[in-house]
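Right, one structure below, let's go through it.
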Protein chains: 2
Amino acid sequence: MSLDRRKQIIDAAAKSFALFGYKATTMDQIAKIAQVGKGTIYTFFANKEELFNEILQQVILEMKHIADRESAEQRPFHEKVFRILDQALEFRSRHELAMKLSQELRDVGTPMAKEALNRLESELLTYIEAQLQSAMDRGELAQGDPRIMSFIMYQLYRSLTTEWNKIYDPLDKDTIKETFYKYFMKGILRVTPYESKDE
Amino acid sequence: MSLDRRKQIIDAAAKSFALFGYKATTMDQIAKIAQVGKGTIYTFFANKEELFNEILQQVILEMKHIADRESAEQRPFHEKVFRILDQALEFRSRHELAMKLSQELRDVGTPMAKEALNRLESELLTYIEAQLQSAMDRGELAQGDPRIMSFIMYQLYRSLTTEWNKIYDPLDKDTIKETFYKYFMKGILRVTPYESKDE
DNA sequence: CGAATGACCAAATTGTTATTTTAGTCATTT
DNA sequence: AAATGACTAAAATAACAATTTGGTCATTCG
């Protein structure tokens, strides 16, 4: 039942953080949803921040799980990386908590929201970095600094999706994919998937 | 003397906007610095915003002038583009007004500061877009959508400088240059300057 | 007895009202 | 006719009151 209570609290907190964001979620609120006295929360978690980090950790694992499923697929490497990025950003824009945190950061600028989103980004970068490293080891990829490579990859993909949409009309998925290959992959892949046909 | 007064006002405004930002600059302040009655300002400019736009326009012209000087140089195209981006971002990080506006946007979120910086960015994108178009016409560059190309170029360069520094230690200029070529230019140039030597 | 609890408190947040500042006007002066 | 600065309405800021909230701990319960 001790474990039961802990789970109740985590579930309640997850629900509330996703629904109201970090700041607008109160410990009283969580206790109420979890049907638990407020003091009980503090027997499992030192403070609000620690409880939040527990939830965040779950989200990170969930994201990695999705990426793992993608990278386990038998596909050419360049396809895989593209799909991981795609799924990750898709995940971020679908997952209620991540979305709520983005909004909170925009609207109120809660520092904890910023930190959490940075952490998500950082985890994704680390993940891709590892994928690149292993692809290099397998010889699928030209040598290079995997940290810089993953960073550029992420930034480029983000530019073509999120950033582009801030100024212009969204690009369709095919254009994004093609552009991503044309302007980036081409420079690093050992085997070029799209030959330049002098369009 | 009418022109004289106008210049006095513009100079005073430029000084004040660069020193205190948009919001913290008052019309009284400008009048005082310009040694002019406040009413006089309104015989030349309809309001604060219009006066600010006059200053901004000057900054934009100044930036374009720097870029023009760079692109007039007799250099291979890839060198030119790199240097234009470099000069432009350097300019933005050196120019007092642009810096102050960035700070103001971060700290207070003044909408006018955001708009102004967007305008600077937009002008730079348009400029590069034109450069790319003319390089394509000359056959120095593979065909492609110059808008997407300039956007990616800008974002990539910005990623390697500003964005990278938010997470990691700054990259040195040579690494930036090399990375920029390796991961981007290579994919679009007709003549590859750095041959991959299987490092 | 130890785990759970909710009344309690200091600190932070929010709501409210009073005060000051500021963009823009316009009657008067130069 | 151009320049000015006292003036005003609106906005920003400060000062203060009222409420909320994270965290504690003496008491209760199983």
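Everything numeric here is computed off the predicted structure, so don't read it as measured data. Proteins come first, then strands; the chains are lettered A, B, ... in the order of their sequence lines, and each starts at number 1. Basis for what follows: all heavy atoms, side chains included, without hydrogens, waters or symmetry-related copies.
- Spacing between atom NZ of A:Lys32 and atom C1' of C:dT5 amounts to 17 Å, rounded to whole angstrom units.
- Counting to the nearest Å, the C1' atom of C:dA23 and the CD1 atom of B:Ile9 are 15 Å from each other.
- Taking atom NZ of B:Lys48 as the reference point, atom P of C:dT22 lies 9 Å away to the nearest angstrom.
- One finds no side-chain N or O of B:Arg6 lying less than 4.0 angstrom from the OP1 or OP2 phosphate oxygen of D:dA3.
- Listed pair B:Lys23 / D:dT13 meets the phosphate criterion, a side-chain N or O lying under 4.0 Å from OP1 or OP2.
- Remark on DNA chain D: of its neighbouring residues A:Gly39 and A:Thr26, the 5'-side contact belongs to A:Thr26, judged by nearest-heavy-atom nucleotide.
- Look at CD on A:Gln29: it is 16 Å from P on D:dG23, rounded to the nearest Å.
- Per the geometry, CE belonging to A:Met27 stands 10 Å off P belonging to D:dT24, to the nearest Å.
- An OP1 or OP2 oxygen of D:dA2 is reached within less than 4.0 angstrom by no side-chain nitrogen or oxygen of B:Arg5.
- Between C:dG6 and A:Lys38, no contact under 4.0 Å exists linking OP1 or OP2 to a side-chain N or O.
- Rounded to whole Å, the distance from OH on A:Tyr22 to P on C:dT13 is 11 Å.
- Of all nucleotides listed (D:dG23, C:dT22, D:dG22), D:dG23 comes nearest to the side chain of A:Asn47.
- Between A:Asp4 atom CG and C:dA3 atom P the separation is 16 Å, expressed in whole Å.
- Under the ring pair (Phe, Tyr, Trp, His ring centres under 6.0 Å) criterion, B:Phe91 pairs with B:His95, sequence neighbours left out.
- When each of A:Gly37 and B:Ala24 is assigned the nucleotide of DNA chain C bearing its nearest heavy atom, the one mapping closer to the 5' terminus is A:Gly37.
- Across the interface with DNA chain C, nearest-nucleotide mapping of A:Asp28 and A:Thr43 shows A:Thr43 to be the residue nearer the 5′ end.
- There is a side-chain donor-acceptor pair under 3.5 Å between B:Gln133 and B:Asp137.
- Checking D:dG23, C:dA23, C:dT5 against every side-chain atom of A:Thr40, the shortest atom distance belongs to C:dT5.
- With hydrogens and angles left out, the side-chain atoms of A:Tyr42 and A:Asn47 include no donor and acceptor closer than 3.5 Å.
- For the 3.5 Å distance criterion, the side chains of A:Lys32 and A:Gln29 fail to qualify, holding no donor opposite an acceptor.
- Across the protein-nucleic acid pair, B:Tyr42 atom OH and D:dA3 atom P stand 16 Å apart, rounded to whole Å.
- Each of A:Phe82, A:Trp164, A:Tyr154 was evaluated against A:Phe180; a single residue qualifies, A:Phe82, per the ring pair (Phe, Tyr, Trp, His ring centres under 6.0 Å) test.
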